Peer 1: 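Can you keep this structure in mind? I'll have questions shortly.
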Protein chains: 2
Amino acid sequence: MANRMEWPAQSGSLETVERATLQEQIYRQLRDRIMSGFFQPGQALSTRSVAEAVGVSVMPVRDALRRLEVENALVVGHNRALEIPRLDIATLSEISATRIALEGLAVERAQPAFVAADIGALKDHCETMSGSIDAGDIDGYLGANWAFHSHIYRRASDGILLSFIESLWLRMGPYFRLTAGDREHLDNAMIIHHDIVGALEKGDAASARSGIVADIEAATGDLTDWLAKDTGSAAAS
Amino acid sequence: MANRMEWPAQSGSLETVERATLQEQIYRQLRDRIMSGFFQPGQALSTRSVAEAVGVSVMPVRDALRRLEVENALVVGHNRALEIPRLDIATLSEISATRIALEGLAVERAQPAFVAADIGALKDHCETMSGSIDAGDIDGYLGANWAFHSHIYRRASDGILLSFIESLWLRMGPYFRLTAGDREHLDNAMIIHHDIVGALEKGDAASARSGIVADIEAATGDLTDWLAKDTGSAAAS
DNA sequence: AAGTGATATGTGTGATCACACTTAGAGTCA
DNA sequence: TGACTCTAAGTGTGATCACACATATCACTT
């Protein structure tokens with residue numbers, strides 16, 4: 001009974017996306033929820049519980065969960081059920097270093113392909129982020145933040161590199177929300193974002209890369225502090 | 001009939017690995033064959049054809065193929081069937097840049113963890129490679145080459161970073177064999193490998209990284225030439 | 001002879017069932 | 001009271017079936 005999933009409201013949105021396989025719809029829904037921090041680290045997602053929650057058979061759920069497992073967004077847990085992976089400092093360090101390597105490469109590759117419309121899109125995303133911060137809308141901020149970054153990376157890759165970066169964000173998704181409430185962190189992030197836009201506007205790939213690296217290191221630093229503080233106090237199973 | 005798979009000899013080895021799910025055994029077998037260049041680029045691998053070839057139902061094959069699809073080792077092809085992806089110059093360039101970023105990072109992270117036993121293992125792999133070259137054993141060379149590299153990367157990561165690197169090798173696997181027949185390429189590669197071992201033995205992470213980068217760039221250069229020559233002559237569908 | 005339709009084949013998708021395995025817990029016995 | 005066994009629930013795994021869809025082939029019509 002402890003594994004009973006809470007699957008509020010949004011469940012109906014599964015029918016909205018027509019013309020896609022059930023497996024694809026479920027995958028995308030779970031993926032969005034993982035990246036936006038809907039699920040708690042350690043929460044179990046078994047095929048039957050998810051299948052019952054969305055009202056389909058286990059087959060498409062099985063495919064969706066397996067896909068997420070391969071992408072490192074889920075790991076086998078307690079009694080063979082898949083669950084949201086917990087993050088320790090060592091793993092966070094590895095993920096951060098990998099993010100710097102991949103996202104740094106991506107922004108360098110993206111810069112030559114950037115046109116005025118891309119700069120405009122990035123500025124729009126920055127506007128959305130600022131507005132969400134003022135409104136206290138963490139979901140809005142996180143969504144715009146990913147839209148900002150993915151717009152850049154999508155100019156560098158149409159395949160493998162982008163899928164790797166998405167996998168890393170998916171892995172950190174459940175934890176992004178935890179540090180996104182801090183105003184100081186958010187203000188600093190916005191400064192960095194504007195620096196990145198400015199660098200890309202000037203065609204300065206090296207500075208753009210430095211900006212991305214600074215953004216990743218800031219997020220990693222905040223999360224490292226949070227993890228260190230958390231492991232000291234929380235003993236919840 | 002054109003999609004009829006040829007599945008010679010080794011098929012029996014599926015039963016050798018006990019204590020693993022069928023899906024896992026099939027995945028591993030397909031994975032090894034892809035990385036060693038057993039399958040031709042463009043060759044179709046449908047669930048039913050593979051299931052019939054190995055003598056199981058479609059379920060475990062379906063899982064194994066999906067996993068490989070998520071890892072970019074297979075792509076949806078002609079009539080929705082999965083097939084070995086073809087490589088074009090632009091994709092090769094992206095893969096190469098990503099390999100440099102990730103494998104360069106991995107060797108830098110691995111260096112501090114290296115001990116004498118690791119150096120010895122690398123030298124053993126070099127011996128195997130040299131012997132395979134002299135014997136004209138391409139499979140032996142490719143296997144030892146991957147063993148050499150993966151031994152290094154395994155000291156840097158137990159998870160995400162390693163899985164990304166494996167995904168990239170899996171993506172290039174079908175093409176490795178094509179340039180591995182050139183003696184000049186092989187001799188050059190062996191020099192680089194010895195340089196890498198020497199750098200790691202001295203604890204020189206920067207030189208080790210340079211060696212890895214040189215190895216990747218050499219392989220990429222040879223394969224780029226091969227692809228350019230191939231697209232000029234081959235018009236086979 | 002050329003276009004057009006029906007048909008056969010191959011494909012992934014999804015549902016349902018049976019099974020083996022693991023784990024937690026209640027029950028029983030010493 | 002403690003240790004043990006047995007049972008029940010929960011889990012992924014694999015087989016089998018039916019279905020929708022895409023493609024190619026062949027016969028039929030014009």
Side-chain angles (χ1 to χ4, degrees), chain A residues 1-7 11 14-15 17-30 39 42-85 237, chain B residues 1-7 11 14-15 17-30 39 42-85 237:
Chain A
M1 191 56 112
N3 283 333
R4 199 76 184 169
M5 283 194 49
E6 303 170 19
W7 200 274
S11 179
L14 191 143
E15 289 86 4
V17 181
E18 295 293 339
R19 214 53 191 166
T21 60
L22 274 178
Q23 157 213 149
E24 183 79 15
Q25 299 174 47
I26 296 168
Y27 163 75
R28 209 155 288 279
Q29 190 178 52
L30 289 174
F39 297 117
Q43 181 169 352
L45 269 67
S46 72
T47 52
R48 286 180 176 85
S49 65
V50 175
E52 186 182 3
V54 300
V56 298
S57 91
V58 298
M59 279 303 311
V61 176
R62 180 173 163 178
D63 286 336
L65 291 181
R66 178 165 304 282
R67 185 165 169 182
L68 290 167
E69 180 194 4
V70 176
E71 291 179 314
N72 295 300
L74 294 175
V75 295
V76 291
H78 188 41
N79 45 349
R80 306 199 300 182
L82 294 175
E83 62 182 36
I84 307 290
S237 68
Chain B
M1 191 57 108
N3 284 333
R4 200 78 187 162
M5 283 194 48
E6 302 169 20
W7 201 273
S11 179
L14 192 143
E15 290 85 6
V17 181
E18 295 292 340
R19 214 53 191 168
T21 60
L22 274 178
Q23 156 212 150
E24 183 79 14
Q25 299 174 46
I26 295 168
Y27 164 74
R28 209 155 289 279
Q29 189 177 53
L30 289 174
F39 297 117
Q43 180 170 352
L45 269 66
S46 72
T47 52
R48 286 179 176 84
S49 64
V50 175
E52 185 182 3
V54 300
V56 299
S57 91
V58 298
M59 279 303 313
V61 176
R62 178 173 165 178
D63 287 335
L65 291 181
R66 178 166 303 283
R67 185 164 168 183
L68 290 167
E69 180 194 4
V70 176
E71 292 180 312
N72 295 301
L74 294 174
V75 296
V76 291
H78 186 40
N79 44 350
R80 305 200 299 181
L82 295 175
E83 62 182 37
I84 307 289
S237 66

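Here the structure is a predicted model, which means the values were calculated and not measured. Worth knowing before you read on, the calculation uses all heavy atoms, side chains too, and leaves out hydrogens, waters and symmetry mates. Proteins come first, then strands; the chains are lettered A, B, ... in the order of their sequence lines, and each starts at number 1.
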Peer 1: Anything under 3.5 Å between a donor and an acceptor, one on a side chain of residues 59-70 of chain B, the other on a protein residue two or more places apart or in another chain? List them.
Peer 2:
unit_1	atom_1	unit_2	atom_2	d
B:Arg62	NH2	A:Asp63	OD2	3.3
B:Asp63	OD2	A:Arg62	NH2	3.3
B:Arg66	NH1	A:Gln23	OE1	2.7
B:Arg67	NH1	B:Glu24	OE1	3.4

Peer 1: If you apply the rule side-chain contact (heavy atoms from CB on, under 4.5 Å), what do you find for B:Val75 with B:Leu82, and how did you get there?
Peer 2: CA-CA 5 Å; B:Val75 296; B:Leu82 295 175; over 6 Å; no
Peer 1: Taking atom types as they are modelled, is there a donor-acceptor pair under 3.5 Å from the base of C:dG10 to the side chain of B:Arg48?
Peer 2: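 Per atom types, no contact qualifies.
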Peer 1: Whether B:Arg66 contacts C:dT13 is assessed here as follows: a side-chain N or O lying under 4.0 Å from the phosphate OP1 or OP2. Is that the case?
Peer 2: yes
Peer 1: Report the distance from atom CD of A:Glu52 to atom P of D:dG12, rounded to the nearest whole Å.
Peer 2: 13 Å
Peer 1: Can you tell me if the side-chain N/O atoms of A:Ser46 get under 4.0 Å from OP1 or OP2 in D:dG10?
Peer 2: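 Checking D:dG10 against A:Ser46, no side-chain N or O comes under 4.0 Å of OP1 or OP2.
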Peer 1: In whole angstrom, what separates A:Tyr27's OH from C:dT13's P?
Peer 2: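 Computing the A:Tyr27:OH to C:dT13:P distance gives 14 Å.
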Peer 1: A:Glu69 CD to D:dT11 P: how many Å, rounded?
Peer 2: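 It works out to 15 Å between those atoms.
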Peer 1: Over all heavy atoms of both residues, which pair between A:Ala81 and A:Ser46 is shortest? Give the atoms and the distance, please.
Peer 2: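 What the structure gives for the nearest pair is CB-CB, 4.4 Å.
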Peer 1: Name the pairs: protein N/O against N/O of nucleotides 14-16 of chain C, kept only if under 3.5 Å.
Peer 2:
unit_1	atom_1	unit_2	atom_2	d
C:dG14	OP1	A:Leu22	N	2.3
C:dG14	OP2	A:Gln23	N	3.4
C:dG14	N7	B:Arg62	NH1	3.1
C:dG14	N7	B:Arg62	NH2	3.3
C:dA15	OP2	A:Ser57	N	3.2
C:dA15	OP2	A:Ser57	OG	2.3
C:dA15	O5'	A:Ser57	OG	3.2

Peer 1: Provide, to the nearest angstrom, the distance between the CG atom belonging to B:Leu45 and the C1' atom belonging to C:dG10.
Peer 2: 15 Å
Peer 1: Would you mind reading off the distance between A:Leu82 atom CG and D:dG10 atom P, rounded to a whole angstrom?
Peer 2: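 Nearest whole value for this atom pair: 17 Å.
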Peer 1: Give every pair of a protein N or O atom and an N or O atom of nucleotides 23-26 of chain C that lie under 3.5 Å apart, one pair per line with the distance.
Peer 2:
unit_1	atom_1	unit_2	atom_2	d
C:dA24	OP1	A:His78	NE2	2.9

Peer 1: A:Val54 vs A:Gln29, test: side-chain contact (heavy atoms from CB on, under 4.5 Å). Steps then yes/no.
Peer 2: CA-CA 10 Å; A:Val54 300; A:Gln29 190 178 52; 4.1 Å; yes
Peer 1: Can you check the A:Gln25 CD to C:dT13 P distance for me, whole Å?
Peer 2: 13 Å
